[in-house]
**Student:** 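The structure follows.
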Amino acid sequence: MSVVSETPTRPFATGPIPVKIVIAGGFGVGKTTFVGALSDIAPLTTEAAMTSYGEGVDDRGDVSTKTTTTVAMDFGRVAVDDAIVLYLFGTPGQDRFGFMWNDLIQGALGAVVLVDSRRIEDSFPALDYFESRSVPFVVAVNRFGGQMFHTVDEVREALSISAHVPVVSTDARGRVAVKETVLSLLDVVLQRALAKAKTN
Amino acid sequence: MEPAGADDPHAQLVRPFLDRKRPLQRAAVEEDHSAAAHGVRAYAMTGGRAHASGVLEFETMLQATGAGREALTALKFERAEILRLCHTDPLSVAELSARLHVPIGVVRVVAADLVSEGLLEAFQPSANVADDVLLITRLIAGVRSL
């Protein structure tokens, strides 16, 4: 095992640079639509046969038995420039599949938590997960059919989102809106990186 | 999938920041030991992710090496299919899983073997990609101009 240089990311100037963000939220909130709005390819579905030990985020009580489950996960890909490839991964919607989020979030820059303001409780598992692991995220309220049922401020208050986390409105079907939402996340990621660079 | 290696002393090292023992995949552990011996260049590309070098992420991109292209006819099943799909353009672990209709965990294991054998080259950013101001700035500029 070689000693690896601390210089970040420059070694692969000649190869592709894949980066990843995660799109989370409740079932039917529009995650795959969101991914598809920006992706160069129609969203693909990958299957993950997962063996769950009930550790980590899967906090159900009945976890002593080992179970194997198959979950489907949709994702898309965006060629950002001649090297950077941005992958957008939708989380499996059911929170009981939370155990695979550790694998998914590993190496991710951050997450977008999509919210249907009529069912805000569906976003609780995602919010809890990202908050507890200090993963940078933004909350994006999906405008269904162009309609906002609650203001972003109402959603912020209802979800007890801390002030430093952006809450934005988005339209999962609209490329421009999705792009803006991703940019708002990347801004959080950048601010965090800058703050960290300053303290070092 | 049986988490071989759960008792392995290296298991603790693989993903330091996760709060659970990850069910380690066999190939990932083996690869940790063999990478240096094989001189696999891909490991230079994982940056700070030294201990996790055997673990391919969902977004890790793979491309056949010269040796991989030569070995193609001698290989079978998933090994051959993965190499064939990565023959010219790099593809991510997730894309391979989707295209081959093979669970992502299987692709990770098989592809990690191929990487350790020098048949595939792996591209993934360093573990501290989230601290890389230059890369993030470049990403933002790229997304803005999409």
Side-chain angles (χ1 to χ4, degrees), chain A residues 1-12 15-20 38 41 44-51 53 55-57 68 70 73 75 77-78 80-81 83-87 89 99 102-104 106-110 133 136 175 179 182-183 186-187 189-190 192-194 196-197, chain B residues 1-3 15 17-23 32-33 35-36 43-53 55 57-61 63 90 92 94-95 97-99 101-106 121 123-144 146:
Chain A
M1 193 52 64
S2 59
V3 177
V4 178
S5 156
E6 282 302 307
T7 310
T9 69
R10 291 293 81 89
F12 39 65
I17 309 172
V19 293
K20 164 175 72 177
L38 200 60
I41 55 173
L44 293 168
T45 301
T46 177
E47 284 197 347
M50 303 299 296
T51 304
Y53 296 89
E55 292 170 308
V57 295
T68 302
T70 301
M73 184 173 60
F75 67 95
R77 185 188 68 192
V78 188
V80 171
D81 60 23
I84 300 178
V85 182
L86 174 64
Y87 282 93
F89 281 92
F99 56 78
N102 284 345
D103 272 0
L104 188 54
Q106 169 75 26
L109 286 173
R133 281 161 179 75
R175 183 176 168 85
K179 205 172 93 172
V182 170
L183 284 170
L186 294 177
D187 190 51
V189 175
L190 178 62
R192 186 184 282 214
L194 286 170
K196 198 167 170 187
Chain B
M1 265 171 290
E2 207 46 45
R15 290 195 169 171
F17 84 72
L18 293 185
D19 57 4
R20 64 175 177 131
K21 265 193 241 169
R22 185 173 178 280
D32 213 13
H33 302 300
Y43 289 88
M45 300 190 169
T46 60
R49 198 177 284 180
H51 288 307
S53 58
V55 179
E57 306 299 350
F58 291 7
E59 74 278 17
T60 299
M61 297 184 86
Q63 186 167 26
S92 65
E95 284 168 293
S97 164
R99 291 214 197 168
H101 302 286
V102 171
I104 201 160
V106 175
E121 187 169 21
F123 300 93
Q124 61 188 25
S126 65
N128 50 2
V129 59
D131 300 334
D132 188 341
V133 172
L134 282 179
L135 177 66
I136 297 164
T137 307
R138 185 174 151 192
L139 175 60
I140 289 173
V143 170
R144 192 165 279 146
L146 284 176

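Fair warning: this is a prediction, and the values are worked out from it, not measured in the lab.
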**Student:** Work out which heavy atom in Ala98(B) is nearest to a heavy atom in Leu44(A); give both atom names and the distance.
**Tutor:**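 Scanning both residues, the minimum pair turns out to be CB-CB, 3.9 Å.
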
**Student:** What distance separates Ser92(B) OG from Lys20(A) NZ, expressed to the nearest 0.5 Å?
**Tutor:**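 Rounded to the nearest 0.5 Å, the OG-NZ separation comes out at 10.0 Å.
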
**Student:** What is the distance from atom CG of Leu104(A) to atom CD1 of Ile104(B), rounded to the nearest 0.5 Å?
**Tutor:**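 Result: 8.5 Å between the selected atoms.
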
**Student:** Which heavy atom of Glu59(B) sits nearest a heavy atom of Gln106(A), and at what distance?
**Tutor:**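 The answer is OE2-O, 4.2 Å.
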
**Student:** Please lay out, stage by stage, how Phe58(B) and Tyr87(A) fare under the test side chain to side chain contact (heavy atoms under 4.5 Å, CB included).
**Tutor:** CA-CA 9 Å; Phe58(B) 291 7; Tyr87(A) 282 93; over 6 Å; no

**Student:** Could you check if a side-chain atom of Leu135(B) sits within less than 4.5 angstrom of a side-chain atom of Ile84(A), using non-hydrogen atoms only?
**Tutor:**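 Touching, per the 4.5 Å side-chain cut-off.
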
**Student:** Hey, does the side chain of Lys179(A) reach the backbone of Leu146(B) with a donor-acceptor pair shorter than 3.5 angstrom?
**Tutor:**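 Indeed, once roles are kept as given, a pair shorter than 3.5 Å links the two residues.
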
**Student:** How far apart are the closest heavy atoms of Pro16(A) and Pro90(B), and which atoms are they?
**Tutor:**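 Of all heavy-atom pairs spanning Pro16(A) and Pro90(B), the closest is CG-CG, 3.8 Å.
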
**Student:** When heavy-atom pairs shorter than 4.5 Å are enumerated against chain B, which of Val182(A), Ile41(A), Asp81(A) gives the highest number?
**Tutor:**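 Heavy-atom pair counts peak at Asp81(A).
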
**Student:** Nearest heavy-atom pair of Glu57(B) and Asp103(A): which atoms, and what distance?
**Tutor:**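 Taking Glu57(B) first and Asp103(A) second, the nearest heavy atoms are OE1-O, 4.3 Å.
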
**Student:** Take Val19(A) and Ile136(B) through the side chain to side chain contact (heavy atoms under 4.5 Å, CB included) test and state the conclusion after the steps.
**Tutor:** CA-CA 10 Å; Val19(A) 293; Ile136(B) 297 164; over 6 Å; no

**Student:** Compare every heavy atom of Val143(B) with every heavy atom of Val80(A), then report the nearest pair and how far apart it is.
**Tutor:**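 Smallest interatomic distance, heavy atoms only, reads CG1-N, 3.8 Å.
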
**Student:** Decide yes or no on side chain to side chain contact (heavy atoms under 4.5 Å, CB included) for Leu109(A) and Leu139(B), but give the supporting numbers first.
**Tutor:** CA-CA 11 Å; Leu109(A) 286 173; Leu139(B) 175 60; 3.4 Å; yes

**Student:** Taking Leu38(A), Leu183(A), Val189(A) one by one, which has the highest count of heavy-atom pairs under 4.5 Å against chain B?
**Tutor:**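 Top count of heavy-atom pairs under 4.5 Å with chain B: Leu183(A).
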
**Student:** Non-hydrogen atoms of chain A under 4.5 Å away: do they reach the side chain of Glu95(B), the backbone, both or neither?
**Tutor:**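 When you check distances to chain A, atoms from both the backbone and side chain of Glu95(B) fall under 4.5 Å.
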
**Student:** Measure Arg192(A) against the heavy atoms of chain B and call it side chain, backbone, both or neither at under 4.5 Å.
**Tutor:**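 Neither part, no heavy atoms under 4.5 Å.
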
